2 protein chains.
Amino acid sequence: MNMAMLSPFPAFATLSAQERKLIATASSPKIVAAGQPAFSEGDPTNHCFLSLSGHLKLVRTASSGEIVILGFVDPGEPFGLGVTHEIRRPASAIALRESKLAVWPIAIWRELQNEIPGLTLSVNHILEKRLFDLQERFVEMACLDVPRRVALAVLRLIDRAGRREADGVRIAFPVSRHDVAALTGTTLHSASRILVRWKRQGVIAGGRRTLLVRDVPALIRLATDPEADVSPWGQRR
Amino acid sequence: MNMAMLSPFPAFATLSAQERKLIATASSPKIVAAGQPAFSEGDPTNHCFLSLSGHLKLVRTASSGEIVILGFVDPGEPFGLGVTHEIRRPASAIALRESKLAVWPIAIWRELQNEIPGLTLSVNHILEKRLFDLQERFVEMACLDVPRRVALAVLRLIDRAGRREADGVRIAFPVSRHDVAALTGTTLHSASRILVRWKRQGVIAGGRRTLLVRDVPALIRLATDPEADVSPWGQRR
DNA sequence: CGCCATATTTGACGCAGTGCAAATAAGGCC
DNA sequence: GGCCTTATTTGCACTGCGTCAAATATGGCG
């Protein structure tokens with residue numbers, strides 16, 4: 001791989017050109033089609049990855065069969081780094097769109113980390129961020145009701161992959177109701193009911209596997225205002 | 001601090017004696033009384049910590065005022081490392097018993113990381129473990145009912161701080177019903193009801209802020225068997 | 001363009017778990 | 001030992017949201 005490809009990514013910003021070159025030349029390219037996994041739960045942990053373009057989701061299947069989305073991978077982010085502890089992948093990485101990846105055999109990656117201290121620091125940085133993000137979501141899961149969790153999840157999608165458009169902000173990759181549910185720890189059905197309600201109120205729009213937020217401030221209000229929202233389950237008499 | 005104090009801790013196992021000495025001499029000792037914070041939510045992130053003895057809990061207060069336990073710190077574990085991203089602490093670290101700590105000013109810690117690549121690798125290791133642990137709990141929160149979450153939380157407490165005793169395994173630090181609730185994302189009341197039920201069944205024992213598990217296999221069954229447990233909310237007629 | 005598989009929506013229903021209020025227990029301290 | 005604070009337990013009414021079942025939309029593809 002050309003070293004130039006690494007330079008624009010913040011994960012490597014602090015490294016010298018020479019170091020980046022060393023890292024880049026050790027990698028192999030890989031292309032994953034939309035819907036396909038870069039790796040799957042249970043696979044042996046043989047490689048480290050960097051997303052060059054596209055988007056992936058990290059998903060995990062609970063013993064009950066339910067699916068949970070642990071996070072997303074944006075272009076420029078390394079992933080599948082969990083190479084110190086686990087011999088097998090604890091989660092799958094599924095491409096949401098065709099994604100170009102750089103791949104390193106784990107042994108090589110370890111060598112690189114030993115030779116380039118700055119690389120380890122970068123990895124550190126990323127792990128820390130992932131940990132803080134998950135802590136955030138964990139607290140939300142523990143304390144907030146479903147509609148608020150959904151609102152926050154959508155807001156997070158916006159600043160991860162929101163593209164401004166004529167009538168709102170569009171999430172740049174496909175998001176199904178099922179994904180929303182897997183992201184917020186609820187069911188497909190509840191997620192649907194909630195989004196339908198907001199659609200009727202004009203806060204969001206979008207059909208099959210697409211999400212367009214028309215009124216971001218309203219969504220923020222729904223997420224944070226303790227008074228906001230009468231849940232979509234209709235008053236019981 | 002004496003360098004000998006560092007050697008038994010796995011976080012530093014891969015470092016040379018000389019490196020450990022460098023790290024140790026840069027630290028200051030600190031003692032935190034039971035119930036007191038090593039640092040609190042919102043504090044500026046000025047220091048890194050290592051627990052030498054005792055136990056701490058990492059807690060976070062949600063906007064609603066609810067409290068969530070993000071994790072525990074055992075003797076030998078570094079903590080409060082989130083120094084790359086956050087200028088203010090996202091969580092508090094509260095001592096569950098009197099705890100001895102080693103403390104480094106953050107600037108010094110950064111220097112140490114630069115000089116000792118192996119230290120950064122250790123930190124990496126720890127962050128990775130924390131991340132995987134939290135992912136685990138996240139999935140549980142998303143997929144399991146409250147009694148099962150409580151069972152799993154107690155099991156996790158056992159292999160973190162369980163001491164074998166004549167009639168069971170005791171958790172080595174104080175755990176209130178409130179703590180159990182904060183650990184599993186439920187209410188004090190539900191946690192109490194569940195534990196009372198298990199107490200009557202002879203699975204656990206213990207009063208005020210103590211937990212003694214008398215029948216670990218039964219608890220494992222309650223946690224994992226999909227058939228197990230009729231929830232403590234008593235059949236309604 | 002029409003068919004088919006896949007997504008989404010919707011309704012009815014019930015229960016796990018919460019909220020509130022209050023009783024009860026258990027230590028710790030003087 | 002008795003008092004006071006803090007933790008735990010408990011009853012009851014209520015509801016958020018999961019479950020089940022089914023109708024309906026939608027886009028891709030031949």
Side-chain angles (χ1 to χ4, degrees), chain A residues 33-35 62 64-68 96 141-151 171 174-182 184-201 204-212 222 226 228-237, chain B residues 33-35 62 64-67 96 141-151 171 173-182 184-201 204-212 222 226 228-237:
Chain A
S64 60
E66 262 174 284
I67 284 172
V68 175
L96 294 165
M141 282 277 292
C143 302
L144 300 184
D145 55 33
V146 173
R148 252 169 278 266
R149 295 210 301 268
V150 171
I171 308 302
V175 184
S176 68
R177 301 295 179 245
H178 201 107
D179 288 331
V180 173
T184 53
T186 183
T187 58
L188 170 58
H189 311 272
S190 297
S192 175
R193 273 182 249 265
I194 289 163
L195 292 179
V196 164
R197 186 157 190 276
W198 293 347
K199 209 186 282 184
R200 283 204 250 278
Q201 297 174 352
I204 63 162
R208 212 180 162 87
R209 292 163 74 74
T210 66
L211 217 52
L212 175 73
L222 287 168
D229 196 28
V230 194
S231 60
W233 279 274
Q235 322 312 349
R236 212 149 317 198
R237 69 249 106 234
Chain B
S64 60
E66 262 174 283
I67 284 171
L96 294 165
M141 282 277 290
C143 302
L144 300 184
D145 54 34
V146 174
R148 252 169 277 265
R149 295 209 300 268
V150 172
I171 307 303
F173 50 74
V175 184
S176 68
R177 301 294 179 249
H178 201 106
D179 288 331
V180 173
T184 53
T186 182
T187 59
L188 170 60
H189 312 272
S190 297
S192 175
R193 273 181 251 264
I194 289 164
L195 292 178
V196 164
R197 186 156 189 276
W198 294 347
K199 207 185 283 183
R200 282 203 250 278
Q201 297 174 350
I204 64 161
R208 214 180 161 86
R209 292 166 72 75
T210 66
L211 217 52
L212 175 72
L222 287 168
D229 195 30
V230 195
S231 58
W233 280 272
Q235 320 314 350
R236 217 143 314 195
R237 67 241 100 244

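Convention: sequence-line order gives letters A, B, ...; per-chain numbering from 1. Keep in mind that this is a model prediction, so the values were computed, not measured.
- For the side chain to side chain contact (heavy atoms under 4.5 Å, CB included) criterion with Arg177(A), the lone passing option out of Ile194(A), Leu211(A), Val196(A) is Leu211(A).
- In this structure, CG on Leu195(B) lies 11.5 Å from CZ on Arg200(B), to the nearest 0.5 angstrom.
- Rounded to whole angstrom, the span from the NE2 atom of His189(A) across to the P atom of dC13(C) amounts to 17 Å.
- The two residues Gly185(A) and Ala142(B) come nearest to each other via the heavy atoms CA-CB, 4.0 Å.
- Residues passing the side chain to side chain contact (heavy atoms under 4.5 Å, CB included) test with Arg209(B) are Pro174(B), Ser176(B), sequence neighbours excluded.
- Here dG19(C) presents its P atom at 12 Å from CH2 of Trp233(B), a figure rounded to the nearest Å.
- In this structure, the side chain to side chain contact (heavy atoms under 4.5 Å, CB included) partners of Thr210(B), at least two apart in sequence or on a different chain, are Arg170(B).
- Note on Ser176(B): every side-chain N or O is 4.0 Å or more away from OP1 and OP2 of dA7(D).
- With hydrogens and angles disregarded, a donor-acceptor distance shorter than 3.5 Å links the side chain of Thr184(B) to the backbone of Val180(B).
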Requested in this report: Determine, stepwise, if the pair Ile204(B) / Leu212(B) fulfils side-chain contact (heavy atoms from CB on, under 4.5 Å).
Outcome: CA-CA 6 Å; Ile204(B) 64 161; Leu212(B) 175 72; over 6 Å; no
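- Side-chain contact between Cys143(B) and Val68(A) is present, with heavy atoms from C-beta onward closer than 4.5 Å.
- Qualifying salt bridge (Lys or Arg N to Asp or Glu O under 4.0 Å) partners for Arg148(A), counting only residues two or more places apart in sequence or in other chains: Asp145(A).
- Every side chain to side chain contact (heavy atoms under 4.5 Å, CB included) that Ser190(B) has, sequence neighbours left out, goes to Thr186(B), Thr187(B), Trp233(B).
- Comparing dT9(D), dG17(C), dC17(D) by their closest approach to the side chain of Lys199(B) singles out dT9(D).
- As rounded to whole Å, 14 Å separates atom C1' of dC17(D) from atom CG of Asp145(B).
- Note: CZ (Arg149(A)) to P (dG18(D)) measures 8 Å, nearest angstrom.
- Annotation: the span from Asp179(B) atom CG to Ile67(B) atom CD1 amounts to 9.0 Å, rounded to 0.5 Å.
- Remark: C1' of dA16(C) and CZ of Arg148(B) are 12 Å apart, rounded to the nearest angstrom.
- The CG-C1' distance, from Leu211(A) to dT26(D), rounds to 16 Å in whole Å.
- Minimum atom distance to the side chain of Thr186(B) is reached by dT18(C), of the listed dG18(D), dT8(C), dT18(C).
- In the region residues 190-197 of chain A, proximity to DNA chain C at under 4.0 angstrom, judged on heavy atoms, holds for Ser192(A), Arg193(A), Val196(A).
- Residues passing the salt bridge (Lys or Arg N to Asp or Glu O under 4.0 Å) test with Arg197(B), sequence neighbours excluded: Asp229(B).
- Comparing atom distances between the Ser231(A) side chain and each of dG16(D), dT18(C), dG18(D) picks out dG16(D) as nearest.
- Rounded to 10 degrees, the angle separating the terminal axes of the helix from dC1(C)-dG30(D) to dC30(C)-dG1(D) is 40°, with each axis obtained from five end pairs.
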**Report entry** Contact letters for nucleotides 24-30 of chain C, in which S counts primed atoms plus P, OP1 and OP2 and B counts the base, heavy atoms under 4.0 Å
**Finding:** -BBS---
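- Each of Val175(B) and Pro147(A) was matched to the nucleotide of DNA chain D holding its nearest heavy atom; the match closer to the 5' end belongs to Val175(B).
- Here dT6(C) presents its P atom at 14 Å from NE2 of His178(A), a figure rounded to the nearest Å.
- For Leu188(B) and dG17(C), the CG to C1' distance is 14 Å, given to the nearest whole Å.
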